[in-house]
Amino acid sequence: MDRRTFMTASGGYALAALGLPDLDGITRRTRAQSESAVKVGRGEVAAVRTMIKSLGDAAAEIGGGHARSTAVHYLTTSVSKWLSGSWTEEVGRDLYGATSQLVHLIGWMAQDEGDHGFAQRYYAHAFRLAAEAGDAELSATALRGLAVQAIDLGYRAAAVQIAEECVDQAKRLDDPKALAYYETTLADAAAQDDDRKTATQMLSASQAHIERASTEAGDSWASHFSIGRWAHHSGMILARLGDYDAAQDHLHHSLDIHGLDRQRSRAIVLADLGTVQFRQENYEAAISTWGDFLDCANGVRSIKVSDAVDDMQARLRRIRGVHGAEDLSERAANLT
């Protein structure tokens, strides 16, 4: 999809497209259920959550392109049947919340393949499902997906607007890790928009929250935002603001201190670190880091990784005479 079709009318589109959720929908559907509808209970909700974890782990390791069709098939064949089934109001809300997570995961997978139009529609559906379930964290997470898309595609004003709404949605939460997750997104959007004041304020707020967050990973999307992932995001925000020394410190912190257990995540951080080193004209270090990046990127199916390879090759062409640059470029051309 052409990036111009991502948003038809600035940031207002993304928020307006979400519409007003049917907050009484689950209650009304509980009352209107027929006796012939398939009965849905805790087991089905647990099954959805198990599939989300399994598919999410695979996508985080080797990229969203590998498991998207499986996730869509599961949604359309199994979960859709349960949404039309018979359940208590409590089970219904849990089912809608779990489905919101699955739909969001599919949107993320599509975004990771570069299919932004598809991803945007799924994020909007995830928001509606989360709102009907009454889950503020999932609602904020769906908005974050839209904000990150806008950041990636360069829609600066839209990214700030959606990220602000994301942070506003999260005001009801008391989970410091979730708050850090959304505040970091707003800091990123503000930095891209050259709003240093907001970017710095949000980055400071996110640091305060992530430093007192639990180290345990829970079931929600935001709960997997570790301090290592925060260090990666904050490092790239600092790079946007021109503080390359601090950016490099944060990226090393992400890799060396906390580590990143996912192949895809580690590859992206290595690519970013190499770019920061290149901008500091430390070409020897950049070539070494990019070599590690290519080792890690092999087999990963992600637009972020393929874009990073293209970006690296463009930079290497500027330093052809530096030892190792041409060999690295050849390796990148043969990456599978």
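For the single chain, residues carry numbers from 1 onward in sequence order. Just the heavy atoms: all of them, side chains too, but no hydrogens, waters or symmetry mates, feed the values below.
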Run the side chain to side chain donor-acceptor pair (under 3.5 Å) test against [X] and tell me which residues pass, sequence neighbours left out.
{"X": "Thr185", "answer": "Arg144"}
{"X": "Lys171", "answer": "Asp168"}
{"X": "Arg49", "answer": "Gln101"}
{"X": "Glu44", "answer": "none"}

Please determine whether a side-chain nitrogen of the Lys or Arg among [X] and [Y] lies less than 4.0 Å from a carboxylate oxygen of the Asp or Glu.
{"X": "Asp295", "Y": "Arg331", "value": "yes"}
{"X": "Arg68", "Y": "Asp112", "value": "no"}
{"X": "Arg93", "Y": "Glu89", "value": "yes"}
{"X": "Asp194", "Y": "Arg156", "value": "yes"}
{"X": "Asp311", "Y": "Arg315", "value": "yes"}
{"X": "Arg301", "Y": "Glu113", "value": "yes"}

Working for side-chain contact (heavy atoms from CB on, under 4.5 Å), residues Gln161 and Glu165: CA-CA 6 Å; Gln161 181 191 6; Glu165 181 66 17; over 6 Å; no

For Lys53, all residues meeting salt bridge (Lys or Arg N to Asp or Glu O under 4.0 Å), sequence neighbours excluded: Asp57

Plane angle bin for His125 and Tyr122 - parallel if under 30°, tilted between 30 and 60°, otherwise perpendicular: perpendicular

CG-NE2 distance between Leu255 and His252, expressed to the nearest 0.5 angstrom: 8.0 Å

Selection residues 180-213 - residue pairs positive for ring pair (Phe, Tyr, Trp, His ring centres under 6.0 Å), sequence neighbours left out: Tyr181-Phe225

